[in-house]
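Below is one structure, written out as structure tokens, with a few remarks after it.
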Number of protein chains: 2
Amino acid sequence: METKSSDAGVPADYDPAQFPAFAVTVDVVILTMSDGELHMLLVRRGEAPYKGMWAIPGGFKRPTETLDEAARRELAEETGVDVASMLTQFGAYGDPGRDPRMNVVTVAYLAVLRDVGVIVAGTDATDALLAPVAGVLSGQVDLAFDHRQIVRDAIERVRVELEVSGIATAFVGPTFTLAELRAVYEATWGVQLDAANFRRSVAADAGWVIPTGRLAQPGPAGGRPAELYRAGRSWKHGGPIHRLTSQRRPERK
Amino acid sequence: METKSSDAGVPADYDPAQFPAFAVTVDVVILTMSDGELHMLLVRRGEAPYKGMWAIPGGFKRPTETLDEAARRELAEETGVDVASMLTQFGAYGDPGRDPRMNVVTVAYLAVLRDVGVIVAGTDATDALLAPVAGVLSGQVDLAFDHRQIVRDAIERVRVELEVSGIATAFVGPTFTLAELRAVYEATWGVQLDAANFRRSVAADAGWVIPTGRLAQPGPAGGRPAELYRAGRSWKHGGPIHRLTSQRRPERK
DNA sequence: CTGGTTAGGGTCGACACGACCAAATCTGTC
DNA sequence: GACAGATTTGGTCGTGTCGACCCTAACCAG
């Protein structure tokens with residue numbers, strides 16, 4: 001608080017009483033698995049600046065709510081989904097000029113949803129888009145503000161979160177096969193995992209997923225029916241749960 | 001951005017143009033090793049609210065600087081240390097009422113310093129305190145605002161950072177023995193590490209620490225002189241560097 | 001010289017992990 | 001109905017890591 005040393009060109013006794021006013025927004029990167037690929041929700045901006053451009057859903061924080069509450073409110077407004085499930089703050093962004101209108105500091109959140117059927121219905125369909133994350137990262141989709149960097153950080157975060165917490169179950173339905181769960185890891189990390197080893201890794205930490213005893217219908221290509229599981233202990237409780245590092249599966253011939 | 005659904009008691013079309021004004025501050029948790037224990041820098045508040053109470057150093061962000069720059073400026077002002085070395089953002093805090101005066105959102109940073117000799121000299125000595133982290137966490141030291149929670153999160157972050165990045169070298173001097181480096185892990189995690197196994201873990205990832213060829217003076221209790229190392233590849237570059245998990249050393253008899 | 005202390009190096013067993021193979025069970029086609 | 005392809009599930013095995021433990025080298029204090 002006590003300013004002591006002098007900065008170049010700035011008065012030594014910067015008066016905190018006349019603090020500069022900022023707008024504080026909350027942006028939510030909403031991730032989901034669709035068609036075996038990682039997707040994210042984008043909305044089209046209806047106002048300047050960046051009017052007509054795609055952007056991460058978000059909005060102004062209100063003085064009466066916490067940051068977490070603001071994030072959940074925005075998530076609900078954009079998708080109609082009201083989940084306390086998976087909503088993690090992962091960064092704050094406040095570069096000067098990131099919003100040409102005014103001084104804006106945004107707090108970024110990461111949300112993981114398991115299905116998107118109702119999502120696009122929740123908001124205006126013409127203004128919402130479920131874009132593959134790969135396209136956003138590679139620059140095929142231009143985003144407003146510094147949202148591209150925010151998305152980059154979000155993906156990085158979800159990758160480590162997959163490893164350190166059991167967050168993968170948030171991507172899949174209430175009941176799922178191990179193949180579906182494995183697909184989450186494969187899509188997020190861009191690797192191929194051995195099914196047998198993956199099974200053992202999952203079974204290693206007891207209580208994370210629980211077998212239901214029922215069997216799933218095999219796909220159109222056939223194959224042995226897979227057991228159905230449901231999410232056990234939530235990913236919120238535990239610390240490190242399991243590790244699935246670099247097991248690679250050779251090229252499919 | 002487009003608000004659609006109605007919230008209870010809140011107008012459905014919340015007008016973003018009349019956005020609420022927030023003050024944005026940057027708080028820095030400055031950690032260092034002192035006397036074999038993890039310590040942090042606290043400053044005494046000179047103004048209301050919480051006047052006379054201990055708090056994390058911090059201050060208002062200026063519209064012309066980024067959040068990172070603000071954090072570095074605060075760190076320099078408080079300690080006289082100007083290091084791009086280790087400064088990591090780890091959280092944003094914006095609960096309503098966290099500052100009784102106004103709406104304040106703070107972005108918290110974590111800084112790691114290797115020595116504190118000049119630190120207390122850099123700021124006003126009567127208003128600065130190098131407090132053991134354990135005392136702060138246990139509540140023996142009361143902090144202003146929600147700074148106790150911020151400190152908790154900072155410690156949690158530095159623990160994982162210690163594991164995932166080679167940040168430990170930021171705690172020690174420009175040249176150090178492996179015993180000093182090991183003490184950083186032991187103090188931060190509250191465990192005892194086997195010296196021989198620790199040596200192997202460090203040597204496992206080449207380039208992290210580099211032997212200087214010189215030897216350190218043994219302590220007053222004698223013992224074989226230890227080799228001196230210097231930090232090699234910075235912790236900023238690489239991703240996961242090494243893993244030191246749960247190796248425990250039995251009670252010293 | 002002797003005992004205490006610390007650094008550095010070696011060994012060994014347990015266990016985790018990745019690569020690979022085999023059996024079981026389904027779908028679709030011939 | 002037989003067969004090929006696909007997929008899940010379970011087993012094996014070699015390699016490497018990790019933790020526990022011991023030993024020696026080198027220093028200090030008496």
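Each chain gets a letter, A, B and so on, in the order the sequences are listed, and its residues count up from 1.
Each of A204(A) and G223(B) was assigned the nucleotide of DNA chain C with the nearest heavy atom; the assignment lying further toward the 5' end belongs to G223(B). In terms of position on DNA chain D, the residue among A179(A) and G222(B) whose nearest nucleotide sits closer to the 5' end is A179(A).
In this entry the distance linking CG of D194(A) with P of dT7(D) reads 14 Å, nearest Å. The CD-P distance, from Q217(A) to dT8(D), rounds to 14 Å in whole Å. Between the C1' atom of dC21(D) and the CG atom of N197(B) lies a distance of 9 Å, rounded to the nearest Å. Spacing between atom CG of L215(B) and atom P of dA25(D) amounts to 17 Å, rounded to whole angstrom units. Put simply, CG on D205(B) is 18 Å from P on dG16(D), counting in whole angstrom units. When rounded to the nearest whole Å, the span between CZ of R224(A) and C1' of dA4(D) equals 19 Å. Here the P atom of nucleotide dT6(C) and the CG atom of L178(B) are 16 Å apart, to the nearest Å. Note: CG (L193(B)) to P (dT6(C)) measures 16 Å, nearest angstrom.
Contact annotation: side chain of R200(B) to base of dG10(C), donor-acceptor pair present below 3.5 Å.
Ring pair F171(B)/F176(B): centre-to-centre distance not below 6.0 Å.
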